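Down below is the structure, laid out as structure tokens.
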Amino acid sequence: MAEAAKLSVEGKDLEFPVLKGTIGPDVVDIGKLYSQSGLFTFDPSFTSTASCKSTITYIDGDAGILLYRGYPIEQLAMQGDFIETCYLLYYGELPTPTQRKKFQYDITHHTMIHEQMVLFFRGFRRDAHPMAIMVAMVGALSAFYHDSTDIADPRQREVASHRMIAKLPTIAAMTYKYHIGQPFVYPRNDLSYAANFLHMCFSVPCEEYKVNEVLARAMDRIFTLHADHEQNASTSTVRLAGSSGANPFACIAAGIACLWGPAHGGANEAALKMLEEIGTVDNIPAFIEKVKDKTSKIKLMGFGHRVYKNYDPRAKILQASAHEVFEALGVKDDPLLDVARELERVALSDPYFIERKLYPNVDFYSGIILRAMGFPTSMFTVLFALARTVGWISQWKEMIEDPGQKIGRPRQLYVGPTQRDYVKMESRA
Ligand code: SDX
């Protein structure tokens, strides 16, 4: 690839440096385009725009490859666990046994939230969408943890990051308990991250709760699969919010709000609702026809991806994980899984989907597993946000620590009215 990209503007030849990464597409640095040409670039949904340099996650959408700090997601999901994935994403390397022990201790001892925050829940309706509560509660963390909001202090940044990784499961579990009218369950320091989350969600004061280790393993793997994903919409939201110097709790709350959208993290809830609407395998052909009819505005939720034009590697692992969960739960086979598998088979053999390179993404199978584990659909994106918090905070840290970091401030193509004078009320028609 040439070292520079040439652009001719009104007879003026301009050159822009081409920057090379370790893997993946090179980029043209157009930082000086406006000052040299008076032109902006125009790429509203950032289909051809790199917003930053990053060393955290790499996706090859054509090959269906996902690497966290260079490690394939399949290896981390099957051989590692979420706590060490958190360490890897945040610090850049797999932890040594001593590092892992210390990190696990630090996270475990930040899992409680300030007792005053419990009162906030009382203000919500019981039937509030759990994501609405999550946005509020995570944003409110900055009202309690002032001693870790000075983003210029590396130690405060680290403490705020540990607090978020540790407290999101507690807040998510409390959100679930509030939604179903059961008492909150405090975290336990003797349980692993995923087991503790299941315990906080499903134990009740009236009886002993034994965590099903297979479910804890499946939960842990789901967290690992959702932990980070390059510069997706919610991560870009966190980075842009962080670029203004906003405190990390507020930035993560902004990421949660963005993730909620059905085109993004809200797709797991929408995908399960779609499978329930289809109901049986016989209804699939009619549904597929509706999706192919653009006027219906119906999308195959859990399918398609801006980057993956091949099978999302996370979806493959989740499909396999579904069996493990059903077996552990003694569920024969969920009819929705049959509908999902047949829907996938039909879609992947239909030219409409093949031409558009539409494959199942991470949201297609996750909902079936979470439903089998006992979570209501409204909690699915909450679990996505819980897992993605480590990715968001790692990307936020990378942005803050970038010596060249400046506030993000895009420009626009203005197509509104040219200057005109004010019209007094009496002169208006
Ligand atoms: C996540 O970015 C990330 O990394 C996100 C994520 C992460 O981990 O952070 O991976 C998590 O958000 C996964 C995606 C979850 N969303 C869904 O499952 C919702 C359904 N999918 C679509 O909304 C869509 O596929 C997107 C939003 C995911 C991607 O949309 P793009 O890149 O803008 O693609 P597009 O809309 O340009 O699609 C190209 C064509 C279009 O048809 P034509 O105009 O060419 O005729 O494919 C069609 C689209 O209409 N299309 C679909 C479709 N997705 C795209 N048609 C039917 N069903 C779909 N799901």
Side-chain angles (χ1 to χ4, degrees), residues 24 43-51 54 56-62 64-68 73 77 85 89 131 222-239 255-275 278 284 287-318 340 343-344 346-348 350-368 380-381 383-392 394-395:
D43 183 14
S45 54
F46 312 120
T47 42
S48 306
T49 296
S51 61
S54 183
I56 300 175
T57 293
Y58 176 70
I59 304 170
D60 179 329
D62 294 328
I65 289 171
L66 169 57
L67 308 176
Y68 289 168
I73 189 66
T85 299
L89 288 170
M131 280 298 277
I222 288 172
F223 289 160
T224 296
L225 293 171
H226 286 79
D228 194 50
H229 214 239
E230 199 208 75
Q231 305 311 320
N232 56 83
S234 52
T235 298
S236 302
T237 301
V238 171
R239 278 181 172 260
I256 295 174
C258 176
L259 185 75
W260 193 2
H264 191 12
N268 53 16
E269 177 177 355
L272 197 94
K273 284 188 178 145
M274 173 190 75
L275 292 174
I278 294 171
I284 289 175
F287 182 79
I288 290 282
E289 284 318 304
K290 268 195 263 177
V291 170
K292 288 158 63 173
D293 166 13
K294 290 267 185 194
T295 57
S296 75
K297 301 231 180 302
I298 292 174
K299 291 220 184 234
L300 199 44
M301 299 314 279
F303 260 69
H305 200 276
R306 172 62 56 76
V307 178
Y308 288 125
K309 300 308 171 191
N310 196 326
Y311 214 106
D312 182 334
R314 303 168 296 178
K316 274 198 188 126
I317 298 167
L318 285 168
L343 186 58
E344 174 188 336
V346 171
L348 296 189
D350 185 313
Y352 180 90
F353 297 92
I354 295 167
E355 280 152 26
R356 291 168 177 79
K357 298 186 177 178
L358 300 176
Y359 291 86
N361 60 49
V362 67
D363 293 310
F364 190 61
Y365 284 105
S366 55
I368 294 171
F380 291 178
T381 312
L383 302 185
F384 194 150
L386 184 172
R388 184 56 55 89
T389 293
V390 64
W392 287 330
S394 303
Q395 299 268 353

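Counting starts at 1 for both ligands and their atoms, following the listed order. What you see is a predicted model, and the numbers here were worked out from it, not measured in a lab.
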**Item:** Considering all heavy atoms, the nearest Y311-Y365 contact
**Value:** OH-CE1, 3.8 Å

**Request:** Sequence neighbours left out, what passes side chain to side chain contact (heavy atoms under 4.5 Å, CB included) with N268? Give chain and number order.
**Result:** D363, S366, F380, T381, F384

**Request:** Look at the aromatic rings of F364 and F303 and report parallel, tilted or perpendicular, splitting at 30° and 60°.
**Result:** perpendicular

**Request:** Name all pairs fulfilling the salt bridge (Lys or Arg N to Asp or Glu O under 4.0 Å) condition that reach into residues 225-239, sequence neighbours left out, sorted by first residue then second.
**Result:** R239-E398

**Every residue of the protein that comes under 4.0 Å of ligand 1, judged on heavy atoms** = H229, N232, P262, A263, H264, A267, V291, K294, K299, L300, M301, G302, F303, G304, H305, R306, R314, R356, L358, N361, D363, F384, R388

**Request:** Determine whether D312 and Y359 make a side-chain contact, defined as any pair of heavy atoms from C-beta on separated by less than 4.5 Å.
**Result:** no

**Request:** Output all residues satisfying salt bridge (charged side-chain N to carboxylate O under 4.0 Å, His left out) with R388, sequence neighbours left out; order by chain, then residue number.
**Result:** none

